[in-house]
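Working notes, structure below.
Just the heavy atoms: all of them, side chains too, but no hydrogens, waters or symmetry mates, feed the values below.
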Amino acid sequence: MSNTWIYHERQKALLCGLHALNNLCQAEVFDQNFLRQIARQLDQQELAMLGAPSSPGYQARLQEGSYNVDPAGNFSIQVLTVALQQKYGL
């Protein structure tokens with residue numbers, strides 16, 4: 001009989017994306033800080049695509065806040081995708 005086990009993180013707060021990634025990888029590979037850093041990078045890239053900071057689109061996006069992470073810790077699929085690309089080249 002083998003000693004095979006399955007890694008599983010229980011849900012904490014609203015960090016389901018984080019837990020899903022770690023469960024997929026079968027180890028604690030990602031943490032909240034790493035995913036937040038990616039979210040900030042994506043936010044900056046999105047703002048840069050909107051043009052000048054004085055443009056209406058740029059200002060509207062600032063008012064709306066991040067689409068990549070919310071205060072509760074929900075991360076967008078784009079953040080999860082970039083995390084897998086950075087760690088595993090997927």
With the 4.5 Å side-chain cut-off for hydrophobic clustering, are Y88 and F75 part of the same group?
-> yes

For residues 77-86, the side chain to side chain donor-acceptor pair (under 3.5 Å) pairs (sequence neighbours left out) are S76-Q78

Between side-chain atoms of residues 12-30 and protein atoms elsewhere (two or more places apart, or another chain), which donor-acceptor pairs fall under 3.5 Å?
residue, atom, partner, partner atom, Å
H19, ND1, E9, OE1, 2.7
H19, NE2, K12, N, 3.1
N22, OD1, V29, N, 3.0
N22, OD1, F30, N, 2.8
N22, ND2, E9, OE1, 3.4
N22, ND2, E9, OE2, 2.9
N22, ND2, F30, O, 3.0
N23, OD1, E9, N, 2.7
N23, ND2, H19, O, 3.1
Q26, OE1, Y7, N, 2.8
Q26, NE2, Y7, O, 3.1
Q26, NE2, N23, O, 2.7

Sorted by chain and residue number, the side-chain hydrogen bond (donor to acceptor under 3.5 Å, both in side chains) partners of N74 (sequence neighbours excluded) come out as D70

Quick note, salt bridge (Lys or Arg N to Asp or Glu O under 4.0 Å) partners involving residues 78-90, not counting sequence neighbours, are none

By salt bridge (Lys or Arg N to Asp or Glu O under 4.0 Å), E46 pairs with (sequence neighbours left out) R61

One should read off an interatomic distance between Q45 CD and N68 CG, to the nearest 0.5 angstrom, of 9.0 Å

Item checked: More than 12 heavy atoms of other groups within 6.0 Å of Q11 CD -> yes

Side-chain polar contacts of residues 32-42 - donor-acceptor pairs under 3.5 angstrom, sequence neighbours left out - could you list them?
none

